[in-house]
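What follows is one structure encoded as structure tokens, with my remarks underneath.
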Amino acid sequence: MASIKDVATLAGVGVGTVSRVMNESGYVSEEARKKVDAAVRKLNFQPNVSAQSLKSQKSGVVGLFVPVLNHPFFCALSEKIEHRLYESGYQTLMVCSQGMQEKELMVLSMLAQKRVDGAIFITHYNLGEINGKLPIVTMDRHFGENVPCVTSDNYASTKKAVEYLIACGCKKIAYVGGKPAVESEVSKRLDAYLDAVQEHGMAPRVLYEEFEHGKDYEYAETFFSRYGGEADGVFCSGDILTNAVYQLAVQRGISIPQQLKIVSYDGIMRDWQQKPNITSIVQDLDGISLHIVKELLNKMEGKPFHKSVVVPATFVAGETT
């Protein structure tokens, strides 16, 4: 296995020059940099990551928390975040935390001990008071004014979707969504729905309770037991729940969209299945992942960061309205 001394000898430079090239620190002439790069490729040199970490006080690892991995939205977003971290020179420690809050607390401890360089939270737990100085970024969650939060335009997008259902002739529109266990931007979807129906003099029909991922069909059953006989439109706050509502409606002989029009938030299922082509608010996962990693790197490097970033979503009409 080649050593840094082997690289220096082949390149005809000093060990210090090789070190500066590998760590991107200090001045190195362009000619010397090209020689070092060529020697690294020829020798297939692999730097000692552990030694670099001890010297720089950085692990090169970022923790990414998601509730579940067997969920299209979290799976797709995690993939994009991991890729952007990789492009920025970081490895990702994936933590699937639903049902095990201690996992999140463990990595928070690792973060405080500098065993990971930063953390991204896409989770549902109340972790108590968080040290705002720690390099943390959240999606939708609020950990305090010093922790950046990246989200989509939940209120504006949802209100547009409900207005669209009204324009399509719906007069009895229901809202079906999971209630976050902690303060979250997701709750603005319900706020927008309530404002829209109130402005049009309609009675609200709301199913807004806490339920676990994977229990979507049971939750959809609850919707039909409460409002299935009267609702002519429904806004669902997530694609998996929307799919459950759609499938149960078909099983009950309810014609979509003639008898029941459906709009979903997320839009991730459009990439997973062709039918049904559900009318959706499509979140910009490229934009969200970009801003999550950008704000995290800013905080990790002690640079100015945005406390709140709202990424616009796109309304896409489909076969369910």
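FYI, side chains are in, hydrogens and waters are out, and symmetry mates aren't considered; it's all heavy atoms of this structure.
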Quick one: pull up [atom1] in [X] and [atom2] in [Y] and give me the separation to the nearest 0.5 Å.
| X | Y | atom1 | atom2 | answer |
| --- | --- | --- | --- | --- |
| Leu190 | Lys179 | CG | NZ | 10.0 Å |
| Cys236 | Asp266 | SG | CG | 11.0 Å |
| Ser280 | Phe315 | OG | CZ | 8.5 Å |
| Ile122 | Met139 | CD1 | CE | 6.5 Å |

Taking [X] for the side chain and [Y] for the main chain, is one N or O donor matched with an acceptor at less than 3.5 Å?
| X | Y | answer |
| --- | --- | --- |
| Thr158 | Asn154 | yes |
| Glu295 | His306 | yes |
| Thr222 | Glu218 | yes |
| Thr17 | Val13 | no |
| Ser184 | Val186 | yes |
| Tyr193 | Arg205 | yes |
| Tyr219 | Gly177 | yes |
| Tyr246 | Thr320 | no |
| Asp232 | Lys172 | yes |
| Asp153 | Ala313 | yes |

Should Ile254 and Leu165 be counted in the same cluster of Ile, Leu, Val, Met, Phe, Trp and Tyr side chains packed under 4.5 Å apart?
->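 No, Ile254 and Leu165 fall in different hydrophobic clusters.
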
Can you get from Leu207 to Phe211 by hopping between Ile, Leu, Val, Met, Phe, Trp and Tyr side chains that sit under 4.5 Å apart?
->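 Same hydrophobic cluster.
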
Heavy atoms, side chains only, cut-off 4.5 Å: are [X] and [Y] in contact?
| X | Y | value |
| --- | --- | --- |
| Met269 | Ile240 | yes |
| Pro257 | Ile262 | no |
| Val263 | Thr242 | no |
| Met202 | Ile166 | yes |
| Ile292 | Val150 | yes |
| Lys261 | Ile256 | no |
| Asp286 | Arg84 | yes |
| Lys307 | Pro148 | no |

Look at Glu31 together with Lys35 and state whether they make a salt bridge at an N to O cut-off of under 4.0 Å.
->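 Looking at Glu31 and Lys35, the cut-off is met.
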
Do Arg252 and Glu221 sit within salt-bridge range, that is, some charged N less than 4.0 Å from a carboxylate O?
->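 Yes, Arg252 and Glu221 are salt-bridged.
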
Mutual orientation of the aromatic rings belonging to His71 and Phe74 [parallel < 30°, tilted 30-60°, perpendicular > 60°] =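 It falls in the tilted class, 30° to 60°.
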
For [X] and [Y], test the side chains for any donor-to-acceptor distance below 3.5 angstrom and give the result as yes or no.
| X | Y | answer |
| --- | --- | --- |
| Asn277 | Glu319 | no |
| Asp140 | Thr151 | yes |
| Asp6 | Thr9 | no |
| Asp239 | Tyr265 | no |
| His83 | Glu87 | yes |

Would Val245 and Phe223 satisfy side chain to side chain contact (heavy atoms under 4.5 Å, CB included), going step by step from the backbone distance to the final call?
-> CA-CA 8 Å; Val245 169; Phe223 159 68; 4.1 Å; yes

Taking atom CD of Gln258 as the centre, does the number of heavy atoms from other residues, nucleotides or ligands within less than 6.0 Å exceed 12?
->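 Yes.
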
Inspect the surroundings of NZ in Lys299 and state if more than 12 heavy atoms from other residues, nucleotides or ligands are less than 6.0 Å away.
->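 Yes, NZ of Lys299 has more than 12 neighbouring heavy atoms, counting only those of other groups under 6.0 Å.
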
Test: Arg189 cationic atom under 6.0 Å from Tyr175 six-membered ring centre, within 45° of axis =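 No cation-pi geometry.
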
Stacked cation flag Lys188 on Tyr155, 6.0 angstrom / 45 deg |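 No, a cation-pi geometry is absent between Lys188 and Tyr155.
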
Verdict with supporting geometry, Glu209 and Arg226, salt bridge (charged side-chain N to carboxylate O under 4.0 Å, His left out) = CA-CA 13 Å; Glu209 301 170 0; Arg226 292 188 188 180; 2.7 Å; yes

Checking side chain to side chain contact (heavy atoms under 4.5 Å, CB included) for the pair Met94/Ser78: CA distance, chi angles, key distance, verdict?
-> CA-CA 9 Å; Met94 186 77 69; Ser78 297; 3.7 Å; yes

Start with the C-alpha gap between Cys75 and Leu69, add the side-chain angles, then the distance that decides, and say whether side chain to side chain contact (heavy atoms under 4.5 Å, CB included) holds.
-> CA-CA 6 Å; Cys75 184; Leu69 283 175; 5.7 Å; no

Take Leu64 and Leu93 through the test side chain to side chain contact (heavy atoms under 4.5 Å, CB included) and record every step on the way to the result.
-> CA-CA 6 Å; Leu64 173 60; Leu93 172 63; over 6 Å; no

